[in-house]
Chemist: 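My questions will all concern the structure given below.
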Amino acid sequence: MDPRKVEIEAISDQNQSSNVYHLALDIGGSLVKLVYFTKDDDDIVDGEKGISREQTLGKSKGSRNYPVLNGRLNFKKFETSKINDCLQFIKTMKLHLGGNQQQENNGSQTTAIKATGGGSYKYADLFKERLEISLDKEDEMDCLVAGANFLLEVVHQEAFTYMGDQKQFVKIDQNDLYPYLLVNIGSGVGMIKVEGDGKFERVSGTSIGGGTFWGLGKLLTKCKSFDELLELSYRGNNRAVDMLVGDIYGGMDYSKIGLSSTAIASSFGRAISENKELEDYKPEDIARSLLRLISNNIGQISYLNALRFGLKRIFFGGFFIRRHPFTMDTLSVAVNFWSKGEAKAMFLRHEGFLGAVGAFMSSDKHGLKELLGNEVVKESPNKLSFAVDKIQVPIDVELNGEESIECSVYAA
């Protein structure tokens, strides 16, 4: 399959940082996700050292297989409630200077940045006021699907399964990727049947998602952040809060319908029969029970929708997962149980950045300023192509929202 490409316009601007180029945003209800491209400092192209930009450009002419430069695709996230920190980061890194110049109605020019998510509407005035940029809005579902397709087709070992503490990477056959169910777990949950590039349908969803976990967790445990709540759940025991099948059947399984004694009969159900107040329960047990309640619910609804459309592949994305072993295991067990082992839950290494990646890939005229040295600009092509065959990400690296991956820009 041909690599995915984005045409980008080469423009010279001495005010732009020499290494930082195009930026795209996904502003959700809980998190702001950034994706931006940076050029490598050295002159290493295709593994050869000491090649000047002039030589690189010369080799690029007549061949789309030779990169003009190598660089990195960078990922960053902020809590939406701390959007001022995000704005300051963009300003400090001068990321906003790499946007596209657009003509305003009054005749003036403004810099436009690709953005998606509900926050691209909610915070549009704030970005214009603080950074003097306009947010060029892209449809959220379009970006989500485009980002997922790009990562699954291009990034080596992007997808993996996780169950029983066992992580296994899944080899994606690009000729047999579609159709699949994409379950994006953000503040809420969207479930999308994907049949190809630009061919998708939102088939279901639920309001019980990451925002529910964070909101209820904040009220019940006094945790101040999502990550703090997740960390707290590591130390918890949901059996102290949940009513299990064994609690109802005197410690026995309900084997006739395949329920073990340790299966949850009622989330938070133990609180009914115990004469305790909220402060009598450990916050970590509450966090664990809440995480399992939401994960089980999403896993079951996801499988039922996959069954509804005859889909065998279910990919889970969104920052609710956060590579949290217990979350992934719970989702996997739910899908495995309800499908009787016929379907598997699969996860994405760049799970939280699908929308931001899709926004990045959405334009064929990205403003990629000062791509080459000033002495080469006159010879540079009008358009360049952002393209990759297979992006290699070290398999032993656990992505945490601050990572980057190598990629290249080619002459168009």
Chemist: Is it the case that atom NZ in Lys344 sees more than 12 heavy atoms from other parts of the structure closer than 6.0 Å?
Modeler: no
Chemist: Establish, for the pair Lys76 and Phe89, whether the NZ or CZ atom is under 6.0 angstrom from the six-membered ring centre and no further than 45 degrees off its axis.
Modeler: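 So Lys76 does make the cation-pi contact.
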Chemist: Under a 4.5 Å cut-off applied to non-hydrogen side-chain atoms, are Ile192 and Val145 in contact?
Modeler: yes
Chemist: Using only heavy-atom distances, determine whether the side chains of Thr38 and Asn74 contain a donor-acceptor pair under 3.5 Å.
Modeler: yes
Chemist: Any side-chain donor-acceptor pair under 3.5 Å between Ser30 and Ser187?
Modeler: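 The criterion, which ignores hydrogens and geometry beyond distance, is satisfied for Ser187 and Ser30.
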Chemist: In the structure I gave you, are the side-chain heavy atoms of Ile298 and Ile185 within less than 4.5 Å of one another anywhere?
Modeler: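 Ile298 reaches Ile185 side chain to side chain.
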Chemist: Determine whether His156 and Phe169 satisfy the following criterion, ring pair (Phe, Tyr, Trp, His ring centres under 6.0 Å), listing intermediate values before the conclusion.
Modeler: CA-CA 10 Å; His156 183 57; Phe169 287 100; 8.3 Å; no
Chemist: Heavy-atom distance under 4.5 Å between the side chains of Thr92 and Gln88, does that happen here?
Modeler: yes
Chemist: State which residue, out of Thr330, Leu229, Leu230, fulfils the side-chain contact (heavy atoms from CB on, under 4.5 Å) condition with Leu291.
Modeler: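 The option that passes is Leu230.
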Chemist: Quick check: closest heavy atoms across Cys223 and Lys218, and the distance to 0.1 Å?
Modeler: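 Scanning both residues completely, I find the closest heavy atoms to be O-CG, 3.5 Å.
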Chemist: Near Asp165 CG, under 6.0 Å, is it more than 12 heavy atoms from other residues, nucleotides or ligands?
Modeler: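 No, the 6.0 Å shell around CG holds no more than 12 heavy atoms from other groups.
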Chemist: To the nearest 0.5 Å, what is the distance between CG (Leu182) and CG (Leu152)?
Modeler: 8.5 Å
Chemist: Within a reach of under 6.0 Å around CD of Glu195, are more than 12 heavy atoms found that belong to other residues, nucleotides or ligands?
Modeler: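 Check passes, neighbour count above 12.
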Chemist: Looking only at heavy atoms, which two atoms of Ile314 and Ala306 are closest? And how far apart?
Modeler: CD1-CB, 3.7 Å
Chemist: Show, in sequence, the C-alpha distance, side-chain angles and deciding distance for Leu73 and Tyr36, and conclude whether the side chain to side chain contact (heavy atoms under 4.5 Å, CB included) test is met.
Modeler: CA-CA 6 Å; Leu73 202 57; Tyr36 59 96; over 6 Å; no
Chemist: So, does Ser339 use its side chain to make a donor-acceptor pair with the main chain of Val335 at under 3.5 Å?
Modeler: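 Confirmed, Ser339 side chain pairs with Val335 backbone.
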Chemist: For Ile301, does its backbone N or O pair with a side-chain atom of Asn305 as donor and acceptor, under 3.5 Å?
Modeler: yes
Chemist: Backbone N or O of Glu153 within a donor-acceptor pair of the Gln174 side chain at under 3.5 Å?
Modeler: yes
Chemist: If we only count heavy atoms from C-beta on, is the Thr161 to Lys167 side-chain gap below 4.5 Å?
Modeler: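 Sidechains of Lys167 and Thr161: no contact.
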Chemist: Does Arg313 reach the main-chain N or O of Met346 with its side chain, forming a donor-acceptor pair under 3.5 Å?
Modeler: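 It does not hold such a pair.
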Chemist: Before you tell me yes or no, could you show the steps for Asp85 and Glu79 under side chain to side chain contact (heavy atoms under 4.5 Å, CB included), namely the whole-Å CA-CA distance, both residues' side-chain angles and the distance that decides it to 0.1 Å?
Modeler: CA-CA 9 Å; Asp85 293 344; Glu79 292 181 12; over 6 Å; no
Chemist: For the residue pair Thr221 and Leu232, establish whether any side-chain heavy-atom pair is separated by less than 4.5 Å.
Modeler: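 The answer is yes; the side chains approach within 4.5 Å.
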Chemist: Would you mind checking if Arg288 and Asp242 are paired as a salt bridge, meaning a charged N to carboxylate O distance below 4.0 Å?
Modeler: no
Chemist: Is Lys33 close enough and on-axis enough to Phe353, meaning under 6.0 Å and within 45°, for cation-pi?
Modeler: no
Chemist: Quick check against the 3.5 Å criterion: does Ser295 have a side-chain atom that pairs as donor or acceptor with the backbone of Arg292?
Modeler: no
Chemist: Could you tell me if the side chain of Pro325 sits less than 4.5 Å from the side chain of Tyr234, heavy atoms only?
Modeler: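 Side-chain contact under 4.5 Å: yes.
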Chemist: Do any N or O atoms from the side chain of Glu284 and from the backbone of Asn237 form a donor-acceptor pair under 3.5 angstrom?
Modeler: no
Chemist: Any chance you could lay out the side chain to side chain contact (heavy atoms under 4.5 Å, CB included) test for Ile90 and Leu34, step after step, and finish with the verdict?
Modeler: CA-CA 9 Å; Ile90 293 172; Leu34 288 70; 3.8 Å; yes
Chemist: Angle class for the Phe160/Phe347 ring planes (parallel below 30°, perpendicular above 60°, tilted otherwise)?
Modeler: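 It falls in the tilted class, 30° to 60°.
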Chemist: Just to verify, which of Phe78, Trp214, Phe319 counts as forming a ring pair (Phe, Tyr, Trp, His ring centres under 6.0 Å) with Phe226?
Modeler: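 Per the ring pair (Phe, Tyr, Trp, His ring centres under 6.0 Å) rule, the option paired with Phe226 is Trp214, out of Phe78, Trp214, Phe319.
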Chemist: Judged by atom type as modelled, is there a donor-acceptor pair below 3.5 Å linking the side chain of Glu228 to the main-chain atoms of Lys224?
Modeler: yes
Chemist: Indicate yes or no for a side-chain donor-acceptor contact from Asp247 to the backbone of Leu244 under 3.5 Å, with no hydrogens or angles considered.
Modeler: yes
Chemist: Are any side-chain N or O atoms of Arg270 and backbone N or O atoms of Arg239, one a donor and one an acceptor, separated by less than 3.5 Å?
Modeler: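 Yes.
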Chemist: Give, for atom CG of Leu216 and atom CD1 of Ile294, the distance between the pair rounded to the nearest 0.5 Å.
Modeler: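 Here the rounded value is 6.5 Å.
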Chemist: Show the nearest heavy-atom pair for residues Ser302 and Met191, with the distance to one decimal.
Modeler: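 For Ser302 versus Met191, the nearest heavy atoms are OG-CE, 3.6 Å.
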Chemist: Which pair of heavy atoms, one from Lys312 and one from Glu342, lies closest together, and at what distance?
Modeler: NZ-OE1, 3.6 Å
Chemist: Tell me if the CD atom of Glu279 is crowded by more than 12 foreign heavy atoms within 6.0 Å.
Modeler: yes
Chemist: With a 4.5 Å heavy-atom cut-off, do Val203 and Arg308 have their side chains touching?
Modeler: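 When only atoms from C-beta onward are counted, Arg308 and Val203 do touch, with a gap below 4.5 Å.
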Chemist: If you look at every heavy atom in Leu135 and Ala124, which pair is closest and at what distance?
Modeler: CD1-CA, 4.0 Å
Chemist: Could you measure the distance from the CZ atom of Phe315 to the CG atom of Leu151? Nearest 0.5 Å is fine.
Modeler: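 Spacing of CZ (Phe315) from CG (Leu151) equals 11.5 Å.
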Chemist: Would you say Ile27 and Phe127 make side-chain contact, with heavy atoms under 4.5 Å?
Modeler: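 Answer yes - side chains close enough.
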Chemist: Against the six-membered ring of Phe200, is Lys193 placed for a cation-pi contact (under 6.0 Å from the centre, within 45° of the normal)?
Modeler: no
Chemist: Parallel, tilted or perpendicular: which fits the ring planes of Tyr178 and Tyr180, with parallel below 30° and perpendicular above 60°?
Modeler: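 Aromatic pair Tyr178/Tyr180 classed parallel.
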Chemist: Between the side chain of Ser332 and the main-chain N/O of Tyr162, is any donor-acceptor distance below 3.5 Å?
Modeler: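 Yes, Ser332 side chain to Tyr162 backbone: donor-acceptor pair under 3.5 Å.
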Chemist: Between Gly28 and Thr80, which heavy-atom pair has the shortest distance, and what is it?
Modeler: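 Closest pair (atom of Gly28, atom of Thr80, distance): O-OG1, 2.9 Å.
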Chemist: Under a 3.5 Å cutoff, is there a donor and acceptor pairing between the side chains of Tyr281 and Glu274?
Modeler: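 A donor-acceptor contact under 3.5 Å links the two side chains.
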